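Notes to accompany the following structure.
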Amino acid sequence: MTVLVGYVPTSEGEAAFAAGLAEAVLRSEDLVVLNSPRGGAPVSSDVAAPDVVARLEATTKEAGVSLTVRQDAHAGDLAEEVVRVADELRASVIVIGIRRRSAVGKLLLGSSAQRILLDANRPVLAVKPG
């Protein structure tokens with residue numbers, strides 16, 4: 001089995017990574033970090049740079065956990081991609097970072113986290129930074 005972390009290099013992503021690593025240690029499972037840019041989009045701050053990936057690898061190695069970082073571009077909705085990859089991997093849990101948003105912000109923009117929570121057919125651990 002595998003723990004899947006939806007990751008962007010933000011405080012929310014770091015919180016998700018830390019919680020995902022703790023889950024992987026607790027469950028004696030591998031860790032997969034999904035850092036998936038939208039296909040065709042220019043490289044953005046959502047993509048983890050090589051030095052960030054190296055830090056994640058060093059952290060998991062120190063914890064004795066096997067890590068795979070997936071940075072394949074996706075088309076369409078990010079929430080759908082997270083759920084699709086979780087199904088593909090048969091992940092035991094999905095770990096995502098969330099941020100505080102106003103009710104109006106959620107209504108107008110939607111929420112990838114909310115869609116993951118509602119659409120996933122496995123446990124989802126949603127964490128906040130600090």
Side-chain angles (χ1 to χ4, degrees):
M1 296 289 281
T2 300
V3 174
L4 175 64
V5 173
Y7 180 83
V8 291
T10 63
S11 59
E12 294 84 7
E14 293 300 327
F17 174 75
L21 179 56
E23 285 295 315
V25 169
L26 180 69
R27 297 166 183 255
S28 299
E29 295 180 357
D30 294 340
L31 183 64
V32 174
V33 169
L34 178 62
N35 176 234
S36 178
R38 185 177 305 277
V43 174
S44 72
S45 61
D46 290 345
V47 178
D51 61 320
V52 173
V53 173
R55 180 180 49 78
L56 299 178
E57 290 171 340
T59 302
T60 55
K61 184 177 182 180
E62 185 177 302
V65 172
S66 173
L67 173 68
T68 302
V69 177
R70 293 181 58 164
Q71 292 184 302
D72 307 327
H74 71 277
D77 184 64
L78 178 59
E80 290 175 4
E81 180 68 2
V82 170
V83 171
R84 184 194 69 74
V85 170
D87 289 344
E88 173 192 317
L89 297 173
R90 297 186 188 130
S92 62
V93 64
I94 301 169
V95 184
I96 56 173
I98 59 173
R99 65 177 188 254
R100 182 167 171 79
R101 294 175 57 183
S102 70
V104 173
K106 290 176 193 171
L107 178 65
L108 295 176
L109 300 175
S111 168
S112 293
Q114 182 178 351
R115 289 194 304 280
I116 293 167
L117 286 163
L118 294 173
D119 294 346
N121 60 359
R122 64 198 71 246
V124 179
L125 174 58
V127 297
K128 293 181 183 180

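A quick note: this is a predicted structure, and the numbers were derived from the prediction, not measured. Worth knowing before you read on, the calculation uses all heavy atoms, side chains too, and leaves out hydrogens, waters and symmetry mates.
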> Which one of Leu117, Leu89, Ile116 satisfies the side chain to side chain contact (heavy atoms under 4.5 Å, CB included) criterion with Ile94?
Replying inline: Ile116
> Say you draw a straight line from CG of Asp72 to CG of Asn35; how long is it, rounded to the nearest 0.5 Å?
Replying inline: 10.5 Å
> Measuring from Leu31:CG to Glu23:CD, what's the distance to the nearest 0.5 Å?
Replying inline: 10.5 Å
> Say you draw a straight line from CG of Leu34 to CD1 of Ile96; how long is it, rounded to the nearest 0.5 Å?
Replying inline: 12.0 Å
>> Between Arg115 and Leu78, does the side-chain contact (heavy atoms from CB on, under 4.5 Å) criterion hold? Intermediate values first, please.
In response: CA-CA 9 Å; Arg115 289 194 304 280; Leu78 178 59; over 6 Å; no
> Rounded to the nearest 0.5 Å, how far apart are NZ of Lys128 and CD of Glu12?
Replying inline: 10.5 Å
> Can you get from Val5 to Val124 by hopping between Ile, Leu, Val, Met, Phe, Trp and Tyr side chains that sit under 4.5 Å apart?
Replying inline: no
> Is any side-chain heavy atom of Asp30 less than 4.5 Å from a side-chain heavy atom of Thr68?
Replying inline: no
>> For a side-chain contact (heavy atoms from CB on, under 4.5 Å) check, start with the C-alpha distance between Leu67 and Lys61, then their side-chain angles and the critical distance, and finish with the verdict.
In response: CA-CA 8 Å; Leu67 173 68; Lys61 184 177 182 180; over 6 Å; no
>> If I compare all heavy atoms of Gly6 with all of Ala16, which pair ends up nearest, and what's the gap?
In response: O-CB, 3.9 Å
>> Just so I know, are the side chains of Val53 and Gln71 near enough to count as touching, which here means a heavy-atom distance under 4.5 Å?
In response: yes
> Do you reckon Val32 sits in the same ILVMFWY cluster as Val25, going by side-chain contacts under 4.5 Å, direct or chained?
Replying inline: no
> Looking only at heavy atoms, what is the nearest atom pair of Pro129 and Ala15, with distance?
Replying inline: CA-CB, 3.7 Å
>> Has Thr60 got a side-chain atom pairing as donor or acceptor with Ser66's backbone, closer than 3.5 angstrom?
In response: no
> Shortest non-hydrogen contact from Asp87 to Arg122?
Replying inline: OD1-NH2, 2.6 Å
>> Assigning hydrophobic clusters by single linkage (Ile, Leu, Val, Met, Phe, Trp, Tyr; side-chain heavy-atom cutoff under 4.5 Å), is Val93 placed with Val69?
In response: yes
> Glu81 and Arg70: salt bridge (Lys or Arg N to Asp or Glu O under 4.0 Å), yes or no, with the steps?
Replying inline: CA-CA 12 Å; Glu81 180 68 2; Arg70 293 181 58 164; 5.5 Å; no
> At their closest point, which heavy atom of Ser112 faces which heavy atom of Ala79, and how far apart are they?
Replying inline: O-CB, 3.7 Å
>> With clusters defined by side-chain heavy atoms of hydrophobic residues (ILVMFWY) lying less than 4.5 Å apart, directly or transitively, does Leu21 cluster with Val127?
In response: yes
>> Run the side-chain contact (heavy atoms from CB on, under 4.5 Å) test on Val52 and Tyr7 for me, step by step, so that the C-alpha distance in whole Å, both residues' side-chain angles and the decisive distance to 0.1 Å come before the verdict.
In response: CA-CA 11 Å; Val52 173; Tyr7 180 83; 3.3 Å; yes
> What's the verdict on side-chain contact (heavy atoms from CB on, under 4.5 Å) for His74 and Val85, showing C-alpha distance, side-chain angles and the deciding distance?
Replying inline: CA-CA 11 Å; His74 71 277; Val85 170; over 6 Å; no
> Under 4.5 Å between side-chain heavy atoms, hopping through other hydrophobics if needed: is there a path connecting Leu125 to Ile98?
Replying inline: no
